[in-house]
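All of these numbers come straight from a predicted model, not from anything done at the bench.
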Amino acid sequence: MIYSINKSEVISGLIEIKQVIESRLKQLSEDAAANGSVNRTTIHTDAEKFFEDFLNELYGWQLKNANAEKQNAPGVDLIYEGEKVVVQVSNKSTKDKVVESLNKTSDEYKKGGLRFKLVTMQLKHTKYKDSYAAEFDKAKGGLNFDCHKDVIDVTSIIRDVNDATAEKVRALKKVVDDYFERAQARKDLGLKKLGSGKARNLFEFNSGSVGFFGRENEMERLRAFVSGDDPFRWYAIAAPGGAGKTRLAYELQNELEKTGWTCLKIKGENVWKQLGELDGLYPGKTLFIADYVAPHTKELGEWMKKLSQPGSAREPLRLLLLERDTKDEYGRVAWFESLLSADRADIPLCGPDSPEMLRPLGDEYLLGLIRGFSETAVKAAREEGQECRPLEDGEERRIREKLDSIDKNLVRPFYAMLLTDAWVRDPEAPKWEQKDLLGYVTNRERDIIKKRIEGAGVHATDQLVQAVCHIWMAATVLGAGSPVAADKLYEAFSPESDLVKRSAERKAELLDSIELAPHESLLQAAGIFSDGNIIPVLPDILGEFFVLTGVDAPVFRQRLWAAALDEFDSSLEFFKRLLKDFGLLMMKDDNLRKIVFPEDLGFSRYKQLLEQLLIEPKVKPFREVVVKSIRALENQQLEEFTDTRMIHSIDSSLPNSVK
């Protein structure tokens, strides 16, 4: 853009300000192009807000978010009722895009004779042929629209900025600066929506392997939770691992995104430390989904107290908390009570005065889930070249009956999926119990790793597959559900990482196309590496059992538990989840318990771990497994524990069969 030279503008610095605005607008255009289709994503929602503020300032309009005025206003993002103008913000301006937007605009707007404007983030909009006029006229109905006057691109905006008054230019500079400061802060935090990555197996919540069954009542309560104009509301859901908490939140997110909401998952230590900044970084209606919240009740409580103050949030903000079912033997939920401590007792809660506990699925829904998942499992097995058989009539009921011994309370759809997958692949599956079933799935995961490595052109020896799986297990323990920086794992588990590096370097020419170091290309091909991090085994409950049955090499186990004790806070969460999910199994199988609590750990750090596990939560058989491990120590060491009376009390209550 060439500016006319104006002495007063040079003196006042307006030329430089206009150049900054031009540069930023062009950057916005480039960002939109790089993000492809801008379609109800965070960048789209934020662009809507940016253009609402920018165009209001530039043209003196009074645009408002159309979805705030009329829920799910298709084809329209912004509305200026005083001048009867509706605006669609897009990164496209093709003839088809214009026709689509005009067609989607509601009859209510068309009958009102409003003027339709398309604001495109392209530098220059598409040139329209005269022959398009008939198609535009048919699509617009009662709307006023002139394709030569009502399509606004970045170049025309820059031209109008150049003609604006000095006062207006400075105000526009502030709008631009605010937008890009927020954009940079969001980039630094790296928040993403739930399920943004590709599912690694059929059992993950975002795999699309089975329909959404049996949670209609819960979804209705969640819809009520997000509705309304209250600036802030929060809701909490608790259930055992594999019950479907994350899938429920995922379905809510998918619904909300269709109506203009921004939905993001709170994840990573960096984000937990900056919770107080999140509400100012995302425009429009926003849902934050926080999983595994128990270790972060202090940070959450302080942020929630801030959000609950009058005038703290301009747009509706919703916070959905997810956590494992952690009621103690007295029916208390310690992490929830911590959130609502005395100094935060006035935080408004939407819903029950305790977390909603997901109920077991009924037979009808379990049978539907089994039937639906069996079709996916058969298709996947055939694609892998593995023998399988579709379910015969009535077999879904046999699987349902088998679930009684696998998952007594029938609360976990995860187990129904596991058993169904095994049933169509392995004729021995009807004879299995919980340990057999989970062992089958973890062995399958190893086989998948092996096939992926071979697919990358690397000879997948047993030692290499074991090394990759050991690195995977380490991330699962040290990250407690979150990715772990690969460099940290390479250093702590050098024998495994060295083997991976040597194997990858021998086949580097086949891996270079992934544009990473060869060993990271290999790990990415195996499905466990992304953005510099090792991804843990997912779903979490599968990761727990993967570790429980896979840490069979004593030397690796020693190094893994030593690293876990060094990363105490995060690994403590892994041990807690493992005990909640598999405490009963460890009580029955002492070999599994000794894998988790080997008796050759250094006593001082081992003592710290056991004491922390004993303190909270006080849940059977959680405590019983810990006390049984403590009993395995020498008596003089036992007396060094802080609360020996509790230990002796629990110890005396243990059945003789487990002592």
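- Shown here for L202 and M417, the closest heavy-atom pair between the two residues is O-CE, 3.5 Å.
- Atoms CZ and CD, from F545 and Q434 in turn, are 7.0 Å apart once rounded to the nearest 0.5 Å.
- Considering CG of L584 and CG of D589, their distance stands at 12.5 Å, rounded to 0.5 Å.
- Residue R397 places its CZ atom among 12 or fewer non-hydrogen atoms of other residues, nucleotides or ligands, all under 6.0 Å distant.
- Residues K451 and E454 are not paired through a salt bridge, judged by the lack of any N-O separation under 4.0 Å between the basic side chain and the carboxylate.
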Please determine whether side-chain contact (heavy atoms from CB on, under 4.5 Å) holds for the pair E567 and K488, giving the CA-CA distance in whole Å, both sets of side-chain angles, and the decisive distance to 0.1 Å. CA-CA 11 Å; E567 299 289 333; K488 179 189 292 187; 3.6 Å; yes
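- Using a 30° and 60° split on the angle between ring planes, F556 and H470 fall in the parallel class, below 30°.
- From Y415, atom OH reaches atom NZ of K402 across 13.5 Å, with rounding to the nearest 0.5 Å.
- Two residues are said to be in side-chain contact when any heavy atoms from C-beta on lie closer than 4.5 Å; P539 and N201 meet this criterion.
- Here E401 does not pair with R398 in a salt bridge; the nearest charged N to carboxylate O distance is not below 4.0 Å.
- Under a cutoff of 6.0 Å and an axis angle of 45°, R425 and Y440 do not form a cation-pi pair.
- Counting heavy atoms of neighbouring residues, nucleotides and ligands inside a 6.0 Å radius, atom CD of E216 exceeds 12 of them.
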E544/R577 under salt bridge (Lys or Arg N to Asp or Glu O under 4.0 Å): CA gap, chis, key distance, verdict: CA-CA 8 Å; E544 292 156 13; R577 296 173 199 170; 5.5 Å; no
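- Checked for salt-bridge contact, R444 and D426 miss the test: no charged N lies under 4.0 Å from a carboxylate O.
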Apply side-chain contact (heavy atoms from CB on, under 4.5 Å) to the pair I449 and W472, showing each step before the final yes or no. CA-CA 10 Å; I449 290 287; W472 204 15; 3.9 Å; yes
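- Counting heavy atoms from C-beta on, the side chains of E323 and W335 come closer than 4.5 Å.
- Using a 4.5 Å heavy-atom cutoff, the side chains of I535 and R200 are in contact.
- You'll find the ring centres of W234 and F336 inside the 6.0 Å limit.
- To the nearest 0.5 Å, atoms CG (N206) and CG (L194) are separated by 7.5 Å.
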Salt bridge (Lys or Arg N to Asp or Glu O under 4.0 Å) for K450 and D447? Distances and angles first, verdict last. CA-CA 5 Å; K450 182 175 182 178; D447 290 341; over 6 Å; no
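- Across all non-hydrogen atoms, the minimal contact from I406 to E433 is CD1-C, 3.3 Å.
- Between A238 and R324, the shortest heavy-atom distance links the atoms CB-O, 3.9 Å.
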K588 vs K435, side-chain contact (heavy atoms from CB on, under 4.5 Å): CA-CA, chis, key distance, verdict: CA-CA 11 Å; K588 296 176 183 177; K435 183 179 176 182; over 6 Å; no
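- Heavy-atom neighbours of E491 CD from other residues, nucleotides or ligands within 6.0 Å: at or below the threshold of 12.
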Please lay out, stage by stage, how R559 and E496 fare under the test salt bridge (Lys or Arg N to Asp or Glu O under 4.0 Å). CA-CA 11 Å; R559 288 185 291 112; E496 286 80 8; 2.8 Å; yes
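- Residues W423 and I370 fail the side-chain proximity criterion, which asks for heavy atoms closer than 4.5 Å.
- Under the 6.0 Å distance and 45° angle rule, R446 counts as a cation-pi partner of F546.
- Annotation for R557 and I595: closest pair CD-O, 3.5 Å, computed over non-hydrogen atoms.
- Side-chain atoms of Q274 never come within 3.5 Å of backbone atoms of L189 as a donor-acceptor pair (strictly under, hydrogens ignored).
- Across every non-hydrogen atom of P413 and A243, the tightest pair is CD-O, 3.2 Å.
- E251 has its side chain out of reach of L222: every pair of non-hydrogen atoms, C-beta onward, lies at least 4.5 Å apart.
- Under the 4.5 Å side-chain criterion, counting only non-hydrogen atoms from C-beta, D581 is not in contact with D540.
- The shortest non-hydrogen separation linking L319 to F225 is O-CZ, 3.5 Å.
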Decide yes or no on salt bridge (Lys or Arg N to Asp or Glu O under 4.0 Å) for D291 and K245, but give the supporting numbers first. CA-CA 9 Å; D291 202 357; K245 301 182 298 298; 5.7 Å; no
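- The shortest side-chain heavy-atom distance between I534 and L523 falls under the 4.5 Å cut-off.
- When side chains are defined from C-beta on, M586 counts as touching L548, because their heavy atoms get closer than 4.5 Å.
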Worked verdict on L278 versus F288 for side-chain contact (heavy atoms from CB on, under 4.5 Å): CA-CA 9 Å; L278 293 185; F288 288 108; 3.8 Å; yes
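- A distance of 11.5 Å separates CD1 of I399 from CG of L418, quoted to the nearest 0.5 Å.
- One finds the OG1 atom of T420 at 10.5 Å from the CD atom of E395 (value rounded to the nearest 0.5 Å).
- W561 and F575 have their aromatic ring centers within a separation under 6.0 angstrom.
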